[in-house]
Enquirer: 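Dumping the structure here so I can ask a few things about it.
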Amino acid sequence: MFDYIFGLPMHALVIHAVVVLVPLSALSAVAYVLRPAWRRVLRWPTAAGAVVSGVSAFVAAESGEALQRRVTRVRAGSVDLAMLNDHVEWGDRAKLLCVLFMVLTLVALWFARPPEEESPRGHAFDVLVGTLVVLSALAAVVTVVLAGHAGSAVVWKGLA
């Protein structure tokens with residue numbers, strides 16, 4: 001299911017969405033929690049970005065596993081398996097952290113309200129959820145960068 005799309009490996013296509021959308025969604029979520037005055041404008045773009053980021057990271061990891069099976073079967077001797085395993089491990093971490101980021105961002109969007117609306121849980125809860133969103137956004141971006149770097153090292157090894 002996560003193998004090919006239009007004759008190309010799905011992983012190679014989906015990772016570009018992850019690399020672009022996760023940092024943008026992270027910035028939007030951080031702005032949402034740190035700038036209450038912007039919440040009314042950022043609510044829906046942040047929600048959409050978080051969902052697309054979480055889903056695309058999941059699809060990237062699943063399609064990466066399908067590609068890994070194909071590559072290790074077809075080109076077993078020409079792939080540095082240690083480097084590939086490093087990439088897979090970072091990709092799995094990125095998937096988990098991007099899904100966590102998505103969930104925490106959606107929780108923040110549900111509970112942290114614009115200043116003119118009353119927050120249903122109170123200020124302390126908003127601060128806690130906001131802190132978790134900022135930390136998960138940072139973790140998601142860092143793991144996506146590290147997974148991407150490890151993946152590009154596997155692909156471009158010996159070519160650059």
Enquirer: What is the distance from atom OG1 of T131 to atom CG of L104, rounded to the nearest 0.5 Å?
Expert: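 Taking OG1 in T131 and CG in L104, the distance rounds to 11.0 Å.
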Enquirer: Sub-3.5 Å donor-acceptor pair from the side chain of H87 to the main-chain atoms of M83, do we have one?
Expert: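 No; zero donor-acceptor contacts below 3.5 Å.
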Enquirer: Identify whether V99 and V51 are in the same connected component of the hydrophobic contact network (ILVMFWY, side-chain heavy atoms under 4.5 Å).
Expert: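 Yes, one cluster joins them.
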Enquirer: Quick one: CD on E62 to CG on L67, what's the gap to the nearest 0.5 Å?
Expert: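 Spacing of CD (E62) from CG (L67) equals 13.0 Å.
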Enquirer: Cluster question for you: counting only ILVMFWY and a side-chain heavy-atom cut-off of under 4.5 Å, with indirect links fine, are V14 and L8 together?
Expert: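 Linked, V14 and L8 end up in one cluster.
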Enquirer: Contact between H11 and V59 at the side-chain level, heavy atoms closer than 4.5 Å - yes or no?
Expert: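 They are not in contact (no side-chain heavy atoms under 4.5 Å apart), so the answer is no.
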Enquirer: Any non-hydrogen side-chain atom of D126 less than 4.5 Å from a side-chain atom of V33?
Expert: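 Contact flag for D126/V33 side chains = no.
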Enquirer: Looking at CG of L97 and CE of M102, how far apart are the two atoms once the value is rounded to the nearest 0.5 Å?
Expert: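 These two atoms lie 12.5 Å from each other.
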Enquirer: Is it the case that one hydrophobic cluster holds both L106 and V133, taking links as side-chain heavy atoms less than 4.5 Å apart, direct or via other members?
Expert: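 In one cluster with L106: V133, yes.
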Enquirer: With the side chain counted from C-beta on, respond yes when T46 and S25 share a heavy-atom pair under 4.5 Å apart, and no when they do not.
Expert: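 No, their side chains stay 4.5 Å or more apart.
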Enquirer: Hydrophobic clustering (ILVMFWY, side-chain heavy atoms < 4.5 Å, transitive) - are L34 and L132 grouped together?
Expert: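 Linked within one cluster.
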Enquirer: Does the side chain of L100 reach to within under 4.5 Å of the side chain of L96, using non-hydrogen atoms?
Expert: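 No. Closest side-chain heavy atoms not under 4.5 Å.
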Enquirer: State, to 0.1 Å, how close S53 and S56 come at their nearest heavy-atom pair, and which atoms those are.
Expert: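 It is O-OG, 3.2 Å.
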Enquirer: Of all heavy-atom pairs between M10 and I5, which one has the smallest distance, and what is that distance?
Expert: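 Minimum heavy-atom contact is CA-CG2, 3.9 Å.
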Enquirer: Once you round to the nearest 0.5 Å, how far does CZ of F111 lie from CZ of F125?
Expert: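 F111 CZ to F125 CZ: 5.0 Å, rounded to 0.5 Å.
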Enquirer: To the nearest 0.5 Å, what is the distance between CG on L27 and CG on L42?
Expert: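 Reported to 0.5 Å precision, the distance equals 10.5 Å.
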Enquirer: Between the side chain of S152 and the main-chain N/O of G148, is any donor-acceptor distance below 3.5 Å?
Expert: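 Judged by distance alone, yes, a pair lies under 3.5 Å.
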Enquirer: Ignoring hydrogens, what is the shortest heavy-atom contact between A50 and F101? Give both atom names and the distance.
Expert: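 Nearest heavy atoms, A50 then F101: CA-CE2, 4.3 Å.
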Enquirer: Check Y32 against R39 and note the closest heavy-atom contact, atom names and distance.
Expert: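 The answer is O-NE, 2.9 Å.
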Enquirer: Please check if V129 and W110 belong to a single hydrophobic cluster, counting links between Ile, Leu, Val, Met, Phe, Trp and Tyr side chain heavy atoms closer than 4.5 Å.
Expert: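 Yes, because V129 and W110 connect within a single hydrophobic cluster, where side-chain heavy atoms sit under 4.5 Å apart.
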Enquirer: Are the side chains of Q68 and N85 in touch, meaning some heavy atoms are under 4.5 Å apart?
Expert: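 Sidechains of N85 and Q68: in contact.
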Enquirer: Just how far is it from atom OG1 of T143 to atom CH2 of W90, taken to the nearest 0.5 Å?
Expert: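 Between T143 OG1 and W90 CH2, I get 7.5 Å after rounding to 0.5 Å.
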Enquirer: Carefully, step by step, assess C98 and V22 under the rule side-chain contact (heavy atoms from CB on, under 4.5 Å).
Expert: CA-CA 8 Å; C98 287; V22 169; 3.8 Å; yes
Enquirer: At their closest point, which heavy atom of P23 faces which heavy atom of V141, and how far apart are they?
Expert: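 Taking P23 first and V141 second, the nearest heavy atoms are CA-CG2, 3.8 Å.
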